[in-house]
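Data block below; observations after.
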Amino acid sequence: MAEARLQVIAGGGVPQGPLVRDPWQFQAACVEAFVASWRARRFSPVTIDNDIGLLERTLVALGRPAWEVTPEDIDRVIGDLAVKGRATSTRREYVQIFKGFHRFLQARKAAEIEAAFGVRLIRPVYEFNASRHVGDDSPALLPPPTPERVNEFFDFMKQRIATARKYGPAARDYALFRTLYHAGLRSEEASLLEKPDLHFTRGPFGKLHVRFGKGARTSGPRPRWVPMLDGLDLVLRWFLEDVRGKFPDSPVLFADESGGPLHRGTIRNRLRYPYFGALGAVPRYLHRGQEAEPAQ
């Protein structure tokens with residue numbers, strides 16, 4: 001008879017099933033359970049798709065199962081991103097997605113991990129080693145644009161509507177950027193707006209119902225109401241009456257040419273190119289007076 005082995009497992013009951021598992025297969029199952037918890041908390045599909053890719057890239061860069069990751073591994077990965085010139089926000093996203101996954105393992109999988117691999121989960125991300133690499137951008141280095149610069153930008157966008165080969169996308173971009181500026185929305189929040197989210201009769205100016213507002217610390221969407229200030233209601237009425245009908249019929253407010261929502265990366269790209277044009281460095285497609293989709 002084979003010798004029986006007993007293990008004392010702290011922090012939970014005895015797990016069911018074999019004590020020895022393939023670590024990569026087990027980690028893949030943990031990722032699936034983590035993603036299922038997002039769906040249970042009603043994260044938006046766009047957020048889930050983006051975060052799955054980010055988590056997978058983070059785990060590949062670490063090169064070892066999450067329960068074996070050390071503070072030195074975190075320093076190595078974030079340091080490599082900094083050397084490659086990746087943005088501060090990107091490095092922060094890598095840290096935050098791993099912290100969330102590691103907290104999930106501690107809450108839901110700690111007993112199984114200790115039983116199967118003999119490892120007790122210890123948090124590898126500390127405030128001091130996170131802040132050293134992914135501190136906030138300094139406001140002194142990235143000051144907000146002046147009102148004069150903002151007015152210059154929107155004047156440029158209005159001129160672009162008149163000269164663009166495709167009126168619809170250019171007019172949509174103008175209304176979209178007006179909404180981002182006057183309502184203070186994030187690009188993803190604006191992309192998930194639908195036509196029924198516009199309530200022109202609510203309050204003195206009308207309000208936007210932001211149903212997929214950004215949550216804090218992976219808490220899920222937090223809906224909120226945002227007033228249409230500074231004439232935003234007039235811009236959006238014009239958009240619905242004269243522009244939205246040039247795109248395929250769908251509930252999406254700021255639709256792409258297939259009727260679906262714009263990706264937040266597409267919004268940023270479409271803002272970047274006209275913005276540089278407003279500064280004088282006009283991209284080639286604007287010199288030709290054409291409406292071209294910037295590279296994704």
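Between Ala183 and Leu232, the shortest heavy-atom distance links the atoms CB-CD2, 4.0 Å. Smallest separation of non-hydrogen atoms from Ile267 and Ser191: CD1-CB, 3.9 Å. For Val243 against Arg172, the heavy-atom pair with the smallest separation is CG1-N, 3.9 Å. Here the closest heavy-atom approach between residue Phe254 and residue Ala190 is recorded as CD1-O, 3.7 Å. Nearest heavy atoms, Arg91 versus Leu81: CG-CB, 3.6 Å. Annotation for Leu62 and Arg76: closest pair O-NH2, 2.9 Å, computed over non-hydrogen atoms.
Surrounding NZ of Lys246 are at most 12 heavy atoms belonging to other residues, nucleotides or ligands under 6.0 Å away. Atom CZ of Phe200 is surrounded by more than 12 heavy atoms from other residues, nucleotides or ligands within 6.0 Å. The number of heavy atoms from other shown groups lying within 6.0 Å of CZ (Arg64) is above 12. Surrounding CZ of Arg224 are more than 12 heavy atoms belonging to other residues, nucleotides or ligands, all under 6.0 Å away.
Between Phe98 and Val77 the shortest side-chain heavy-atom distance does not fall below 4.5 Å. Under the 4.5 Å side-chain criterion, counting only non-hydrogen atoms from C-beta, Lys99 is not in contact with His102. Taking 4.5 Å as the limit, some side-chain heavy atom of Leu59 sits within range of a side-chain heavy atom of Val31. Between Leu176 and Leu253 there is no side-chain heavy-atom pair separated by less than 4.5 Å. Inter-residue side-chain proximity for Met157 and Ile161 is flagged as unmet; no heavy-atom pair is nearer than 4.5 Å. The closest side-chain heavy-atom distance from Lys109 to Leu121 is not below 4.5 Å. The side-chain heavy atoms of Phe177 and Leu180, taken from C-beta on, include a pair separated by under 4.5 Å. Side-chain contact between His199 and Trp225 is present, with at least one heavy-atom pair separated by less than 4.5 Å.
Remark: Arg178 qualifies as a cation-pi partner of Phe154 under the 6.0 Å distance and 45° angle criteria applied to the six-membered ring.
Between the CZ atom in Phe153 and the OH atom in Tyr174 there is a gap of 10.0 Å [rounded to 0.5 Å]. Here the CZ-CD1 distance, from Arg92 to Ile78, works out to 11.0 Å after rounding to the nearest 0.5 Å. Atom-to-atom distance recorded for Ile97:CD1 and Asp51:CG is 4.5 Å, nearest 0.5 angstrom. Taking CD from Glu32 and OG from Ser37, the interatomic distance works out to 12.5 Å, rounded to the nearest 0.5 Å. Separating the CG atom in Asp242 from the CZ atom in Arg237 is a distance of 13.0 Å, to the nearest 0.5 Å. Atom CD of Glu189 sits about 12.0 Å away from atom OG1 of Thr179, to the nearest 0.5 Å.
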Q. Does the pair Glu257 and Phe247 meet the rule for a side-chain contact (heavy atoms from CB on, under 4.5 Å), with working shown?
A. CA-CA 6 Å; Glu257 296 195 59; Phe247 294 86; 4.2 Å; yes

Q | Residues Arg211, Leu192; criterion side-chain contact (heavy atoms from CB on, under 4.5 Å); working and verdict | A | CA-CA 8 Å; Arg211 293 175 295 112; Leu192 295 175; 5.9 Å; no

Q | Audit row: Thr163, Gln159, side-chain contact (heavy atoms from CB on, under 4.5 Å) steps and yes/no | A | CA-CA 7 Å; Thr163 59; Gln159 295 174 8; 5.8 Å; no

**Q.** From CA spacing to verdict: side-chain contact (heavy atoms from CB on, under 4.5 Å), Asn151, Glu148
**A.** CA-CA 5 Å; Asn151 291 334; Glu148 293 76 16; 5.6 Å; no

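At a threshold of 4.0 Å, the pair Asp256-Arg270 does not count as salt-bridged, since none of the basic side-chain nitrogens sits closer than that to a carboxylate oxygen.
Between the side chain of Arg123 and the main chain of Val125, a donor-acceptor pair closer than 3.5 Å is present. For Asp173 (side chain) and Ala170 (main-chain N/O), no donor-acceptor pair under 3.5 Å exists by modelled atom type.
By the rule that hydrophobic residues join a cluster once side-chain heavy atoms approach within less than 4.5 Å of another member, Phe205 and Val210 end up as members of separate clusters. Taken together through direct or relayed side-chain contacts under 4.5 Å among Ile, Leu, Val, Met, Phe, Trp and Tyr, Val226 and Leu240 form part of one hydrophobic cluster. Taking hydrophobic clusters as Ile, Leu, Val, Met, Phe, Trp and Tyr residues chained together by side-chain heavy-atom distances below 4.5 Å, Leu193 does not share a cluster with Leu229. Under a hydrophobic-cluster definition in which Ile, Leu, Val, Met, Phe, Trp and Tyr are linked whenever side-chain heavy atoms come within less than 4.5 Å, directly or via other members, Phe212 and Ile48 are assigned to different clusters. Cluster annotation: Tyr181 is connected to Trp238 through the hydrophobic network of ILVMFWY side chains, with a link wherever side-chain heavy atoms come within less than 4.5 Å.
The aromatic rings of Phe34 and Phe101 are tilted relative to each other, their planes meeting at an angle between 30° and 60°. Using the six-membered ring where Trp is involved, Phe26 and Trp67 have ring planes that are perpendicular, over 60° apart on the 30 and 60° scheme.
Counted by atom type alone, Ser250 and Arg244 present one or more donor-acceptor pairs between their side chains at under 3.5 Å. A donor and an acceptor atom, one from each side chain of Thr47 and Asn50, are nowhere located under 3.5 Å apart.
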